[in-house]
Every structure is written in C-alpha cells, then in structure tokens.
> 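Take a look at the following structure, please.
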There are 2 protein chains.
Amino acid sequence: MRRTQAQRSEATRARILDATLQALVERGYAETTTAEVQARADVPRGTLLHHFPTKIDLLVASVQHVARRRLEALVTELAALPGDVDPLDAFVDGIWIHFSSPLFWAALELWNAARTDPELRAALMPVEKEIFGVLHERAQALLGPDPRGATVVQLTFEMMTGLAMTGIVSGELGRRELLIRRWKRAAAILLGRRDPDTLVERTKGT
Amino acid sequence: MRRTQAQRSEATRARILDATLQALVERGYAETTTAEVQARADVPRGTLLHHFPTKIDLLVASVQHVARRRLEALVTELAALPGDVDPLDAFVDGIWIHFSSPLFWAALELWNAARTDPELRAALMPVEKEIFGVLHERAQALLGPDPRGATVVQLTFEMMTGLAMTGIVSGELGRRELLIRRWKRAAAILLGRRDPDTLVERTKGT
DNA sequence: TCCCAAACAGTCTGGCGTGACGGTAAGCCA
DNA sequence: TGGCTTACCGTCACGCCAGACTGTTTGGGA
C-alpha cells in the first residue's frame with residue numbers, strides 16, 4: 001500500500017476532521033478540546049498541530065467538513081424520497097430526517113459558537129447559504145414554480161431548525177412528530193392545496 | 001443602610017447570576033468560566049464559591065434565573081402590545097421581540113449546552129414548559145378558542161426559535177423581518193382568516 | 001450581651017488545554 | 001542518487017480554570 005504524500009496527508013486530515021465532528025456531537029462545543037480530538041483520531045499531538053496549527057484553524061476546517069458531509073447526506077436523502085406519497089409530505093420528511101440527525105447537531109454546535117466568534121461566523125455564512133440553495137433548488141423541482149413555494153421552503157427551514165433546538169429540551173419525540181405532521185398540512189394549506197379547516201385532526205367544537 | 005443577612009445574601013446572589021447571564025450573552029457558554037463571572041460580578045472568589053460550590057450549581061441556578069427574567073419580560077412585552085392592529089400580528093411581533101433579545105440568546109446557550117449535559121437538561125425542561133404555558137395562555141386570550149390556535153402558537157414558537165438560530169449565521173436583518181411578515185400572513189391563512197393566494201406580496205405569474 | 005451560624009474574603013494547588021519547539025522519516029524532483 | 005520539501009512525531013512550558021482550604025466579619029437568637 002504505497003501512497004503518495006498527498007494521499008497520506010489527506011487521509012490523516014480526514015481522520016482528524018471526522019474525530020472533530022464526532023467530538024462536537026458527543027461532547028459539545030465547549031468540551032471539544034484539541035486533546036479530545038487528538039485522542040479520538042488517534043494521532044500524536046505533533047500531527048494534529050502540523051495540519052491545524054491552532055484550535056480555531058481546526059474548527060474553521062471542521063465547518064467546511066461538516067458542510068460537505070451535510071450536502072452529501074442531503075442529496076442522498078432527497079433523492080431517496082418515496083414517490084408514492086404527496087411530494088410535499090415527502091419533502092418535509094426528507095428535510096426532517098436531516099435536521100434531526102447528529103450531523104445537524106454538530107452544525108448547531110458550530111452555529112451557536114459562531115454567535116460569539118467572528119471567525120466561525122465568517123466561515124459558516126457562505127456554506128450555509130450553499131446548503132440552503134440546494135434545498136431550495138430541490139424544492140422547486142418537487143413542488144413546481146408556485147411563487148409561494150420559496151416562502152414555504154424558507155418557513156419550513158426555520159421550522160425544522162426550531163424543532164431541532166426545542167427537541168433538545170423537550171425530550172418527547174411524539175410532540176415533534178405531531179408538529180411535523182401538522183406542518184405538512186399547514187404547508188399544503190399555504191400553497192392552497194388544502195382547506196384551512198383541516199389543520200387539526202378532529203375539528204371539535206362549534 | 002442596615003440589611004438583614006437574607007437581604008445581603010440575596011443581593012450578592014443576584015449580582016452573581018446577573019453576571020453569569022451577561023457572560024453567557026457576551027462570551028458564550030464555552031467561555032463562561034467561573035473567573036469570568038467572578039470578575040463581572042466583582043466578588044471575591046470565596047464569595048462565589050460560598051453561594052455556588054461548583055460550576056454546575058451556578059449554571060443550574062442561572063437556568064432558573066434566566067427563566068424568571070424571561071417570564072418577566074414576556075408578560076411585560078405581551079401586555080404592551082398595541083391594540084390598534086390585528087391581535088395576531090401584534091402577538092407574533094411580541095413574541096419576536098422576545099426571541100430576538102439577548103435574554104433569549106442566553107437561553108439558547110443553555111439549551112445547546114443542555115444537549116450534552118443531563119443536569120442542565122433536567123433543569124431546563126420544567127422551566128421551558130412553564131414559559132411555553134404562559135405564551136399559550138396569552139395566545140388563547142388574544143385569539144379566542146379556535147381549535148387551530150394551539151397548533152398555530154406551537155408552530156410560531158418553533159418558527160421564532162429557528163429564526164433566532166439562523167439569524168446568528170445569516171447576518172441579514174432584512175431577511176428575518178420579511179419572514180416575520182410572511183409568517184404573520186401564513187398564520188392568518190392557517191386560521192382561515194385570509195386567502196392562501198395572498199401569502200406573498202405580489203402574486204406574479206399565472 | 002454573648003455566641004453561633006452564615007455571609008464574606010483571599011490564597012493555594014492540582015490538573016488540563018494550548019501551542020512552541022526540536023527532531024525523524026518518507027516522498028519528490030533534479 | 002543527493003538534497004530538499006513535507007508529513008509526522010513527542011516533549012515541554014506557560015497559563016488558566018476549578019475548587020479546596022482557612023481566616024474574617026456581620027447579623028440574629030438566647
């Protein structure tokens with residue numbers, strides 16, 4: 001197994017970045033120390049410092065890495081949507097699969113840290129824009145050129161982000177699933193495909 | 001100015017918790033060290049440790065403190081809603097004022113940390129439930145007993161949370177304001193008070 | 001008035017996190 | 001093949017953070 005320098009370099013670099021991602025998910029941003037990453041990647045200290053001279057270098061690189069992973073996952077997930085259900089429902093489900101995955105948790109850790117760290121914020125802004133672009137593009141393909149479509153996609157994006165955050169604290173999985181179901185209906189209503197009266201399951205009362 | 005022990009104790013305790021809140025907002029969870037809090041509160045090390053023996057004690061107490069502050073702020077904000085506009089619009093605006101305030105940023109820091117810290121999560125769950133209860137109650141008073149109301153309030157809650165998070169990374173203030181405007185319309189549509197065709201400003205095309 | 005308990009205060013230490021540094025070996029180009 | 005670049009490696013030192021410890025003041029009950 002004779003490898004070129006570039007291949008070797010890239011391999012250990014990837015190991016380190018994967019370890020960082022894993023640490024962000026399992027330990028959270030505050031506990032993601034260079035020593036923690038080093039241990040998870042099983043590389044000596046010097047190696048880590050060779051590839052990423054400072055901690056912020058590592059974190060900025062991990063922003064890129066997480067984004068790349070998310071893009072891969074998103075296109076796979078969105079391509080695997082079942083064709084035998086309402087495209088809108090399938091789309092919401094697909095997005096939710098992504099937004100409830102550990103991969104997105106790592107992104108949330110970085111988002112939150114970015115609030116008080118300009119370097120991270122600067123690194124995050126373009127990549128998030130790109131991810132949203134992919135989402136938007138796929139939505140247009142699925143839902144057609146409805147002028148309300150873009151707005152509904154944006155609202156869905158915010159909604160899923162909110163659900164990911166509140167899900168942290170309200171352990172109940174059922175609540176989230178219920179809200180997802182209702183949001184699907186809401187989206188259909190907003191697109192004029194459904195009657196507002198059917199938002200909740202059983203319209204009780206008057 | 002002769003104060004009882006309880007008064008003195010409470011005063012310094014409050015100073016410390018305010019300092020913690022401030023640190024969470026300005027420095028973020030990862031950089032909120034005991035030394036940082038100590039300096040901001042301007043208390044000696046011993047005093048801090050007297051009131052909060054360990055760091056997690058301090059953080060758990062700050063969860064309570066932030067929640068209390070948020071409740072105070074919420075009732076004030078929701079009471080001060082202008083009466084001359086659509087109650088639904090006013091309600092969304094009121095919630096957004098809260099969710100875009102530094103007070104809520106501090107809560108987000110704690111939420112995020114809670115994902116990987118069971119003690120924080122345990123402390124957060126009941127207080128967040130209480131806050132949501134207040135919101136829900138006020139909404140019912142404003143919007144009437146529509147069975148869809150509860151769902152719309154929940155969706156609004158998730159939406160605002162999402163906007164708070166994405167707002168961190170997409171610096172553009174205008175985007176958020178636009179989405180708030182559209183969400184107001186969307187909420188009205190979901191409640192059957194508005195035509196789905198009017199979701200976006202100018203319905204261009206077919 | 002006496003005394004105890006509780007608030008307040010300052011110092012010290014062990015541990016950890018970061019990054020500097022000097023060194024080795026493997027690939028690459030002339 | 002010789003030298004040079006680049007990947008890789010291990011140790012060390014500084015600084016900071018958390019919390020243990022001991023001493024001091026103040027309020028309140030007996």
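Chain letters run A, B, ... following the sequence lines, proteins first, then strands; residues in each count from 1.
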> Between atom CZ in R13(A) and atom C1' in dT6(D), what is the gap in whole Å?
15 Å
> Walk me through it: do E36(A) and R40(A) pass the test salt bridge (Lys or Arg N to Asp or Glu O under 4.0 Å)?
CA-CA 6 Å; E36(A) 174 79 27; R40(A) 284 174 186 268; 2.7 Å; yes
> Which nucleotide, dC9(D), dA7(C), dA26(C), lies nearest any side-chain atom of R8(B)?
dA7(C)
> Starting at atom CG of D42(B), determine the distance to atom P of dC8(C), rounded to an integer number of angstrom.
13 Å
> For T33(A), report the nucleic acid contact type (base, sugar-phosphate, nothing); a contact means any heavy atom under 4.0 Å.
sugar-phosphate
> Check the phosphate of dA7(D) against H50(A), side-chain N and O only, distance under 4.0 Å to OP1 or OP2. Yes or no?
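Checking H50(A) against dA7(D): at least one side-chain N or O falls below 4.0 Å of OP1 or OP2.
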> Using a 6.0 Å cut-off, check whether atom CD of E137(A) has over 12 heavy atoms from anything other than its own residue.
no
> Just wondering, more than 12 heavy atoms not from E72(B) lying within 6.0 Å of its CD?
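Check passes, neighbour count above 12.
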> Send over the distance from E10(B) CD to dC8(C) P, rounded to a whole Å.
10 Å
> Mind telling me whether W111(A) and F104(A) have parallel, tilted or perpendicular rings, with 30° and 60° as the class edges?
perpendicular
> For I56(A) and dG17(C), what is the distance between atoms CD1 and P respectively, to the nearest whole Å?
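My rounded result for the distance is 18 Å.
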> What integer distance in Å separates L49(A):CG from dA20(C):C1'?
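Distance, rounded to whole Å: 8 Å.
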> Assuming nearest nucleotide by heavy-atom distance, tell me which of G46(A) and E36(A) is located more 5' along DNA chain C.
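On the 5' side of the pair lies E36(A).
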> At less than 4.0 Å, is any side-chain N or O atom of H51(A) found next to OP1 or OP2 of dC8(D)? Yes or no.
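For dC8(D), OP1/OP2 do have a side-chain N/O of H51(A) under 4.0 Å.
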> Starting at CG of L59(A) and ending at P of dG17(C), how long is that distance when rounded to a whole Å?
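Going from L59(A) (CG) to dG17(C) (P), I get 14 Å.
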> Quick one: is dC8(C) close enough that its OP1 or OP2 comes under 4.0 Å of any side-chain N or O from T12(B)?
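Indeed, a polar side-chain atom of T12(B) lies that close.
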> Run the numbers on E128(B) and R70(B) for salt bridge (Lys or Arg N to Asp or Glu O under 4.0 Å), then give the verdict.
CA-CA 10 Å; E128(B) 292 299 333; R70(B) 286 181 62 202; 3.1 Å; yes
> Mind calculating the distance between NZ (K55(B)) and P (dC16(C)) to the nearest angstrom?
15 Å
> For dA18(D), take OP1 and OP2 only and decide whether either is under 4.0 Å from a side-chain N or O of T34(B).
yes
> Between the base of dG19(D) and the side chain of R45(B), is there any donor-acceptor pair under 3.5 Å?
yes
> Nearest-Å distance, CG (L48(A)) to P (dT18(C))?
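Taking CG of L48(A) and P of dT18(C), I get 10 Å after rounding.
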